[in-house]
Trainee: 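Before I ask anything, here is the structure I am working with.
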Amino acid sequence: MNYISGWFRRQFSNPQVVILSIVLLTIAGVIWLVGDTLAPLFAAIVIAYLLQGLVARLQRLGLPHLPSVIVAFVTFLLIFLFAALRILPTFVRQLTQLFQQTPAIVDAAKRLLLRLPEMYPNFITTQQVNDYVASLGAELVSAGQPLISYSVSSLVGFFTGVVYLILVPFLVFFLVRDKESILDWFVSFLPSERELTNRVWDEVNGQISNYVRGKVWEIFIVGAATFFVFTMMDVQYALFLSVLTGVSVLIPYVGAALVTVPVAAVGLFQWGLSGEFYTLLVAYGVIQALDGNLLAPLLFSEVVNLHPVAIITAILVFGGLWGVWGVFFAIPLATVINAVLGAWPKATADEAVTSEPELADGAAVEGG
């Protein structure tokens, strides 16, 4: 206990550490308590990070700040409207059709699985296959019940979504236009001696801004490439599967494995165990391999320098705390933690040596 109390005294006797700890605890408390309420603000901040790169590039070309903001914002609105009016309706229609055809897909999988007892009678029985298919069907029905109940009683949710769709663009515009004044307002509440906090903020701000822009480009490129390949192969629900594949890059390693299930299920239902089915799996595997080994390193390089074990741990921890949103923001949150650990003052050799006699003297006094 003396060692632990000595460590706390050494660390938190530094005002810089105290200020950084208060800032981090305040931000974490706000997210924990009112994170759901502030979801539109968080979404707007992510989009503002994305547009800030375009604004900076336009300013380097000689365009003043406000015109650069307007050009970037109009570009965002055009892309937003295109997605809302063209992509979203098709996505929802294909999702609905796929959900309606789920029983048929399960039956096709059952017919395929029933061939396994004939091929491997010593390892699997027909009863085991029937039990597994029955449990799978029950799981799918239970998973679909929230969607049905939500569609029945979603009037309030619909109006809330409309309000968010109106609020988010306004928030994006003001966050990009007034970025400096907003940051100055927040900084005015902090003490003037905050070098450690500034160092963490500079690293986190640079890493997350590059991460957001890189991820958006990665989602777009992977989704577009998948849509092109699936359309050329005449895959059913090509847009739905392409959007899933694009979004899956937000969850490293885990996302690609999860999306493999619907891709394989649709291919199996459409073609069975034929050459087209295996071609689909190979094409999907090639897209994921090119993304992981070529596109992602090209976009990010050393921007987010996290070990794969740290990334998977972050997904597990933050996914357990905040569900889907925790999974999506696991990498930025892990980046924040990594920046804090990197900037946290380390004990010097002299401090380590001088602390040992203190502990020894304390033990002697207690013994006396």
Trainee: Should Val249 and Leu295 count as side-chain neighbours, where that means a heavy-atom distance under 4.5 Å?
Mentor: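 No, their side chains stay 4.5 Å or more apart.
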Trainee: Identify the two heavy atoms, one from Gln59 and one from Ser68, that lie closest to each other, and give their separation to 0.1 Å.
Mentor: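 So the two residues come closest at CG-OG, 3.6 Å.
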Trainee: Transitively linked via ILVMFWY side-chain contacts under 4.5 Å: Val187 with Val200?
Mentor: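 No.
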Trainee: Could you give all pairs that pass the ring-ring contact (aromatic ring centres under 6.0 Å, His included) test and reach residues 216-251, with sequence neighbours left out?
Mentor: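 Only Phe91-Phe240 qualify under ring-ring contact (aromatic ring centres under 6.0 Å, His included).
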Trainee: Hey, does Leu175 have a side-chain heavy atom less than 4.5 Å from the side chain of Ile182?
Mentor: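 Of all side-chain heavy-atom pairs linking Leu175 with Ile182, at least one is under 4.5 Å.
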Trainee: Ignoring hydrogens, what is the shortest heavy-atom contact between Ser248 and Ala256? Give both atom names and the distance.
Mentor: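 Distance-wise, the nearest heavy atoms are CB-N, 4.2 Å.
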Trainee: Nearest 0.5 Å, please: how far is CG in Asp202 from OG1 in Thr197?
Mentor: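 Thr197 OG1 to Asp202 CG: 10.5 Å, rounded to 0.5 Å.
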Trainee: Looking at CG of Leu51 and NZ of Lys179, how far apart are the two atoms once the value is rounded to the nearest 0.5 Å?
Mentor: 12.0 Å
Trainee: Check whether Leu54 and Leu171 end up in the same hydrophobic cluster, where Ile, Leu, Val, Met, Phe, Trp and Tyr are linked by side-chain heavy atoms less than 4.5 Å apart.
Mentor: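 They do not share one cluster, since no chain of ILVMFWY contacts under 4.5 Å joins Leu54 to Leu171.
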Trainee: Scan residues 269-294 for pairs that pass ring-ring contact (aromatic ring centres under 6.0 Å, His included), counting only residues two or more places apart or in two chains.
Mentor: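 Residue pairs passing ring-ring contact (aromatic ring centres under 6.0 Å, His included), neighbours aside: none found.
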Trainee: Transitively linked via ILVMFWY side-chain contacts under 4.5 Å: Val71 with Phe174?
Mentor: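 Different clusters.
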Trainee: Is any side-chain heavy atom of Asp291 less than 4.5 Å from a side-chain heavy atom of Ile287?
Mentor: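 A side-chain contact under 4.5 Å is absent here.
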Trainee: Testing the basics here: between Ile87 and Leu239, what is the closest heavy-atom pair and its distance to 0.1 Å?
Mentor: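 Nearest pair, atom of Ile87 first, then Leu239: O-CD2, 3.7 Å.
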Trainee: Considering only residues two or more places apart or on different chains, which pairs with a residue in residues 39-53 satisfy side-chain hydrogen bond (donor to acceptor under 3.5 Å, both in side chains)?
Mentor: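 Sorted result for residues 39-53: Tyr49-Asn205.
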Trainee: What distance do Leu95 atom CG and Gln100 atom CD have between them, rounded to the nearest 0.5 Å?
Mentor: 10.0 Å
Trainee: Under the side chain to side chain donor-acceptor pair (under 3.5 Å) rule, collect the residues that match up with Asp178, sequence neighbours excluded.
Mentor: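 Here no residue qualifies.
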Trainee: Could you check Leu196 against Ile19 for side chain to side chain contact (heavy atoms under 4.5 Å, CB included), going step by step and ending with a plain yes or no?
Mentor: CA-CA 8 Å; Leu196 182 61; Ile19 294 171; over 6 Å; no
Trainee: Taking it one step at a time, do Thr90 and Arg86 satisfy side chain to side chain contact (heavy atoms under 4.5 Å, CB included)?
Mentor: CA-CA 7 Å; Thr90 305; Arg86 295 295 301 273; over 6 Å; no
Trainee: Tell me whether Trp185 is reachable from Leu41 by hopping between hydrophobic residues (I, L, V, M, F, W, Y) whose side-chain heavy atoms are closer than 4.5 Å.
Mentor: yes
Trainee: What closest approach, in Å, do Val229 and Ala283 show between heavy atoms, and which atom pair accounts for it?
Mentor: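 What the structure gives for the nearest pair is CG1-CB, 3.9 Å.
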Trainee: Ignoring hydrogens, what is the shortest heavy-atom contact between Gly267 and Leu280? Give both atom names and the distance.
Mentor: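 For Gly267 and Leu280, the tightest heavy-atom pair comes out as CA-CD2, 3.6 Å.
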Trainee: Hey, are the side chains of Leu77 and Pro169 touching, using non-hydrogen atoms and a 4.5 Å cut-off?
Mentor: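 Sidechains of Pro169 and Leu77: in contact.
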Trainee: Considering only residues two or more places apart or on different chains, which pairs with a residue in residues 58-77 satisfy ring-ring contact (aromatic ring centres under 6.0 Å, His included)?
Mentor: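 Checked against ring-ring contact (aromatic ring centres under 6.0 Å, His included) - neighbours excluded - the pairs reaching residues 58-77 are Phe73-Phe173, Phe76-Phe80.
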Trainee: Which heavy atom of Pro89 sits nearest to which heavy atom of Ala84, and what is that distance?
Mentor: CD-O, 3.3 Å
Trainee: Please check if the side chain of Lys215 supplies one atom and the backbone of Leu250 the other of a donor-acceptor pair under 3.5 Å.
Mentor: no
Trainee: Would you give the length of the straight line joining atom CD of Gln288 to atom CG of Asn293, rounded to the nearest 0.5 angstrom?
Mentor: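 The distance works out to 10.5 Å.
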Trainee: So, applying side chain to side chain contact (heavy atoms under 4.5 Å, CB included) with Val259, which one of Thr226, Leu244, Ile251 is it?
Mentor: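 Among Thr226, Leu244, Ile251, the one meeting side chain to side chain contact (heavy atoms under 4.5 Å, CB included) with Val259 is Leu244.
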Trainee: Under the side chain to side chain donor-acceptor pair (under 3.5 Å) test, which residues partner Thr75, sequence neighbours left out?
Mentor: none
Trainee: Okay, side chain of Gln270, backbone of Gln236: is any donor-acceptor separation there less than 3.5 Å?
Mentor: yes
Trainee: Rounded to the nearest 0.5 Å, how far does CG of Leu290 lie from CD1 of Ile221?
Mentor: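 Output value for this atom pair is 12.0 Å.
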Trainee: Hydrophobic clustering (ILVMFWY, side-chain heavy atoms < 4.5 Å, transitive) - are Leu50 and Phe82 grouped together?
Mentor: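 Same hydrophobic cluster.
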